[in-house]
There are 2 protein chains.
Amino acid sequence: MIFSKACEYGIRATIYIAQQSLNNKRPNLKDISKEIDSPEAFTAKILQQLVKGKVIQSVKGANGGFEINNKKMGKVKLKDIVKAIDEDFDYKICVLGLKLCSELRPCPVHHKYKHIKAELKNMLQSTNLLDLSDGLKDGKTCLRF
Amino acid sequence: MIFSKACEYGIRATIYIAQQSLNNKRPNLKDISKEIDSPEAFTAKILQQLVKGKVIQSVKGANGGFEINNKKMGKVKLKDIVKAIDEDFDYKICVLGLKLCSELRPCPVHHKYKHIKAELKNMLQSTNLLDLSDGLKDGKTCLRF
DNA sequence: ATTATATCGGATAAAATTATCCGACTTTTA
DNA sequence: TAAAAGTCGGATAATTTTATCCGATATAAT
């Protein structure tokens with residue numbers, strides 16, 4: 001509802017890759033789509049977008065797969081993942097779809113929604129991959145079903 | 001992004017009808033889609049759903065159109081409009097698309113998102129049509145562009 | 001070098017959402 | 001009672017999103 005399916009898969013995939021990278025492993029497409037329970041071919045497309053967007057790195061050939069530079073992990077934000085997949089994602093957008101909605105010329109829901117929008121923006125800008133992959137290793141959080 | 005286009009049109013249409021009803025006017029399809037700048041035929045479909053969902057009433061024939069019972073206006077919530085159009089809209093849904101995500105078995109974003117979800121739920125359940133149509137009459141709020 | 005294992009990239013298909021068209025029906029007004 | 005002004009409902013089309021397939025290409029291991 002807030003994210004597209006592609007984005008959902010993309011975020012879940014990235015979190016899994018992050019956690020595996022921290023473990024010095026390099027999962028491939030099959031591993032990933034199995035782990036996050038997503039359609040393999042569709043996931044491949046999304047991973048390509050994430051590579052283009054420099055959120056993850058790919059390694060071709062035998063023993064290849066996808067990985068994330070461990071040192072950069074704290075700097076990759078949820079926003080970066082979303083932007084890599086839905087280029088025109090925008091949390092500034094009006095909840096009723098008005099192009100010109102603003103503080104000065106608000107839609108009827110604007111003032112009721114702006115706090116939510118601000119929190120959403122904050123979450124996307126501040127949450128990083130370390131935060132997200134943290135709960136995974138000890139099974140506190142899940143990526144599928 | 002959070003609502004479908006159909007929902008956006010539906011909410012805007014309902015707010016306009018509400019404000020006109022308070023003024024003892026009864027706009028028809030053409031009036032409405034002109035006022036909220038939406039495709040006429042598509043808007044017709046959405047208005048039908050709102051009638052079925054008892055959010056608005058329709059009056060056929062010459063001088064007909066759409067209206068809302070003034071006395072019920074304070075009881076019609078944003079949630080009711082959304083539910084009439086996206087039957088399976090659900091603010092409880094997991095932000096990463098997991099069916100079983102919960103407090104006990106959270107996805108990695110769950111705890112970061114749950115406050116936002118709660119506010120969203122609150123907004124949808126508490127905001128009524130009087131709140132929404134209020135700013136319209138004196139031009140404080142807008143419904144198009 | 002050859003082979004096995006991967007990603008990459010383009011074409012295509014399926015499904016959902018958004019949008020249009022039009023004939024049927026209903027109600028008011030003249 | 002006829003005409004005009006509306007909504008209703010079904011069929012259909014266009015667009016976007018989701019999903020699949022497969023040949024090309026790159027890399028590691030043997």
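Letters A, B, ... are given to chains in the order of the sequence lines, protein chains preceding strands, and every chain is numbered from 1. Side-chain atoms are counted along with the backbone in the values below, which use heavy atoms only and exclude waters and symmetry mates.
Separating the CZ atom of B:R26 from the C1' atom of D:dG6 is a distance of 10 Å, rounded to the nearest angstrom. With rounding to whole Å, B:M1 atom CE is found 15 Å from C:dT18 atom P. Atom CD1 in B:I17 sits roughly 12 Å away from atom C1' in D:dT7 (whole-Å rounding). Residue A:N28 contributes atom CG, which lies 14 Å from atom C1' of D:dT27 at whole-angstrom precision. Note: CD (A:E40) to P (D:dC22) measures 13 Å, nearest angstrom. Following rounding to the nearest Å, B:L47 (CG) and D:dT7 (P) show an atom-to-atom distance of 8 Å. Following rounding to the nearest Å, A:K60 (NZ) and C:dT3 (C1') show an atom-to-atom distance of 18 Å.
By the neighbour-count criterion of 12 heavy atoms within 6.0 Å, atom NZ of A:K5 is densely surrounded, having more than that number from other residues, nucleotides or ligands. Around the NZ atom of A:K137, the shell of radius 6.0 Å holds more than 12 heavy atoms that belong to other residues, nucleotides or ligands.
Contact between the side-chain N/O atoms of B:N63 and the OP1/OP2 oxygens of C:dT29 is found at a separation under 4.0 Å. Within the structure, every side-chain polar atom (N or O) of B:Q48 is placed at least 4.0 Å from both OP1 and OP2 of D:dT7. Taking only side-chain nitrogens and oxygens, B:S58 never comes nearer than 4.0 Å to OP1 or OP2 of D:dG6. OP1 or OP2 of C:dA19 lies within a sub-4.0 Å distance of a side-chain N or O belonging to B:Y9.
A residue-by-residue look at A:T43 and B:A44 shows that B:A44 has its nearest nucleotide of DNA chain D further toward the 5' end. Two residues, B:F66 and A:A62, neighbour DNA chain D, and the one matched to the more 5' nucleotide by heavy-atom proximity is B:F66.
Linking ILVMFWY residues whenever their side-chain heavy atoms come closer than 4.5 Å, directly or via other members, places A:I116 and B:L124 in the same cluster. There is no path of hydrophobic side-chain contacts, each under 4.5 Å, that joins B:L98 to A:I11.
Taking only side-chain atoms of A:K5, from C-beta outward, the nucleotide of C:dT18, C:dT20, D:dA19 with the closest atom is D:dA19. The side chain of A:A6 lies closest to D:dT18, out of C:dA19, D:dT18, C:dT7.
Side-chain atoms of B:K45 come within donor-acceptor range of the base of D:dG10, with a qualifying N/O pair under 3.5 Å.
With A:E67 as the partner, the salt bridge (Lys or Arg N to Asp or Glu O under 4.0 Å) test is satisfied by one option alone out of A:R26, A:K72, A:K25: A:R26.
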